[in-house]
Structure formats: C-alpha cells, structure tokens
2 protein chains.
Amino acid sequence: MELTEARQKFIEAWGKLGSEWGINRTMAQVHALLLITPEALTTEEIMEQLSISRGNANMTLRDLISWGLVEKQLKQGERKEYFYADKDSWNIARQVAKERRKRELDPIIKILDELSAVKGNEKDADYKTFHKSVTDINKLAKNVDKTLETMLKADESWFWKSILKVFK
Amino acid sequence: MELTEARQKFIEAWGKLGSEWGINRTMAQVHALLLITPEALTTEEIMEQLSISRGNANMTLRDLISWGLVEKQLKQGERKEYFYADKDSWNIARQVAKERRKRELDPIIKILDELSAVKGNEKDADYKTFHKSVTDINKLAKNVDKTLETMLKADESWFWKSILKVFK
DNA sequence: TTAAACTTTCAAAATATTTTGAAAGCTTCG
DNA sequence: CGAAGCTTTCAAAATATTTTGAAAGTTTAA
C-alpha cells in the first residue's frame, strides 16, 4: 500500500470509529488528518484535504480544541491560524477520558444520586427493582468515576514534565 | 419524587447516555425499562409503555438480545414471547465491553496492523509522522484489547457460578 | 479610516438515522 | 386445512444530525 492511500484509509477508519462512539465523523477525520501531519495546518488546507466547507472546518476545529485534542498555533508575522494535534496516543486517550467523564459520567451520576434517593414501598416489586437497579448502576458509575479520577490525577505529573521542558 | 416520575427519568437518562455513546436511544430506553421492571414484558407492553411501534420494538429487542443484554422467555402454555433484562450492573458492563471489543476494537486493530506495515521513505516527514502515529495508536489499542480480554476472561468464572446455580 | 485577510455564525439544504405500520411469514390449535 | 395469534420485514415517512456557504464580524496593517 502506498502512503497516500494509507493516509486516506487511516482518516476513514478513524472517522468510522469516532462515529461508532458518538463522535462526529468529520471531527474524528480532522483529528486523524492532524495526527498524521507533521506540521500544523491552516483551516484552508484542512478544508481542501478533506473536501469540507469552511463553516464545518471551523466548528470542528473549535470542538477539537474544546476537547483538548488540538491546539491553535500562531506563526510569527502571519495572520492565519494553524492547527496542530498532540500525537501522543496516551495523552489523547487521557484527554478523551477526562472530557467524557466531565461531560457524561458526572451528569449521569448526579441523576442517579437523585433517583437512588426516591423513597417508596418496600413491598412493591416495581419499587424494589427500580431502587436496586438504580443504586447498583450508581455504585458502578461511581467506581468508574473514582478509577478514572485516580488514573487521570496520577498522570498529571505530565504537567510537571511540560513545565520542565520549558527550561531545557 | 414519585416512583412513576422517577422511572420515567431513568428511562430518559439512560436513553440520552446511550445516544451519547453511539447506542440508539430507543434501544437504551427499552433496556432501561426492562432493567427497572421485575417481570419479563411482552412486546405489546413495551410498545405501550414507551409509545413505540411494533416494528421498532421488535428490532430493538432483537438488537438487545444480540448484545447479550436481554433474553427471551417463553412461558408455559403461552405463545407470546417475554423479554427480560439481566439486572446485574457488572454483567451489563462486561457484556457491553465484550461486544464493543468484538465489533469495534478488533476491526480497528486489524486495519492498524495493515497500516503499520506500510513501508515508506524514512526521510519523509509525512511518512514518519504517519507511521509513528499509527503504530503508536496500534500499540495502545492492543494494550486495551489485552486488558479487556484479561478482565473478561477472569470474570468468566461467572460461567461456573451459573452452572452451579442449576444444581441448587 | 479603510481595506484586506481571516474567522465566526447560522438558517437553510443535504444527509443519515430512526421509526412507522401494513403486509407477509410463521406456528399452533381446533 | 383454515384461521387466530404472534413475529418479522422493509419501503416509505418522520426525525435528527451534519454540512454548507454567504454574510457578518473581527483583527491587523497601511
């Protein structure tokens, strides 16, 4: 297989994977493109390489930035914005876990807490099943939450690494 | 909050969570309904409680069965099929992990293996970045795969538990 | 200030996904 | 066998999501 074809395949595969996990296909594809591109790209270049509109490119890039997966780069004496993706797969995974925890796990735990607190008649099979399922899932969700927190915190020594880098 | 309202909220929340993770909203809602219902339900009852069509209910239930989250129950002397969801949250998580691994992780690893094998000019920055990103993600994916496999296997002692149950 | 170079917005259009429901298929029973 | 009772199918309709692109907004430089 040739590089051009392989790059294309990677972009497609990443896009498909993304959409299977509730991430917009284009967002995943832009991310893929930036992952396999050594330099930072402009909106224009991204639009062209993926054949997407300016509006789409712009929105998608902002989303990627809000997910912490892509960053803007400003080049000396240029007005254009360049976009660059962190290529460390562990950072990517960490970042995605962090965001999904914040965006989805935390809110569902909040709801499950409320629902776990609902009182009812212990003799009522409906109530008993409801209560058991909800508290059970709540416990599991909290376990996952704690585990993620620990993993993410532990790895935040990355923070110090990046600080240290500045001084090298 | 009252039980009826709470049940409704749970169904909504589960549906929303599902759709954020690439699972059809209705599928998640049917699953939610079965999770908080002590007895097995018929298609008819599910259609009514969630106000969905027969076709939708049927498809959704078949999907849930193929995900291993719901099972059919046949009752003595009745022709109707009843549907019942396993209420053990750990089993649910295990089952989802197992299926997504099979459906999504395995295929992407296969593609990444192919793409990792693509040869190119080591002096070419594009090639180098492509190759590094792809092999890197491939390694991570394989790690996740191995970890899941180990976890799922370890837990298959559940298998023996269920066998033993039959003899009690 | 003005104009050029970019970026952002958002309503409408395009696309993709989900849902419907009527018809066709089974299976069982009399 | 025929019909009743259920389940499955699938094309069309409804809905939801994504994408477009032109216009508005912003920033910089002269």
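Residue numbers begin at 1 in each chain, while the letters A, B, ... track the order of the sequences. Computation of the quantities below employed the complete heavy-atom set of this structure, encompassing side-chain atoms and omitting hydrogens, waters and symmetry-equivalent molecules.
- Considering all non-hydrogen atoms of both residues, B/Tyr127 and B/Val118 come closest at OH-O, 2.9 Å.
- Nearer to the 5' terminus of DNA chain D, by closest-nucleotide assignment, is the contact made by A/Met27 (compared with the other of A/Met27 and A/Arg79).
- The nearest heavy atom of DNA chain C to A/Met59 and to A/Tyr82 marks one nucleotide each, and the one closer to the 5' end goes with A/Tyr82.
- Contact check of residues 37-58 of chain A against DNA chain C (heavy atom, cut-off under 4.0 Å) returns A/Arg54, A/Gly55, A/Asn58.
- The distance from atom CD of B/Glu78 to atom C1' of C/dT27 is 16 Å, rounded to the nearest whole Å.
- Regarding A/Glu81, its CD atom lies at a distance of 12 Å from the C1' atom of C/dA5, rounded to whole Å.
- For B/Lys75, the NZ atom is densely surrounded, since the number of other residues' heavy atoms within 6.0 Å is greater than 12.
- Residue contacts for B/Arg62: at a heavy-atom cut-off of 4.0 Å it reaches the sugar-phosphate backbone alone, with no base atom in range.
- Using bins of under 30°, 30° to 60° and over 60° for the plane-to-plane angle, the ring pair A/Trp21/B/Trp21 lands in the perpendicular bin.
- Under a 3.5 Å cut-off, the side chain of B/Thr135 and the backbone N or O of B/Lys132 do form a donor-acceptor pair.
- When the P atom of D/dT19 is taken as reference, atom CG of A/Asp63 falls 11 Å away, rounded to whole Å.
- When all heavy atoms are compared, the tightest approach of B/Phe83 to B/Thr42 is CD1-C, 4.5 Å.
- Whole-Å rounding puts the A/Leu61 CG to D/dT19 C1' distance at 14 Å.
- With no hydrogens or angles considered, no side-chain donor-acceptor pair links B/Arg54 and B/Asn58 at under 3.5 Å.
- If you measure from atom NZ of A/Lys80 to atom C1' of C/dA5, you get 9 Å, rounded to the nearest angstrom.
- Atom CD in B/Gln73 sits about 17 Å away from atom P in D/dC6, given to the nearest Å.
- Atom P of nucleotide D/dT15 and atom CZ of B/Arg25 are separated by 14 Å, given to the nearest angstrom.
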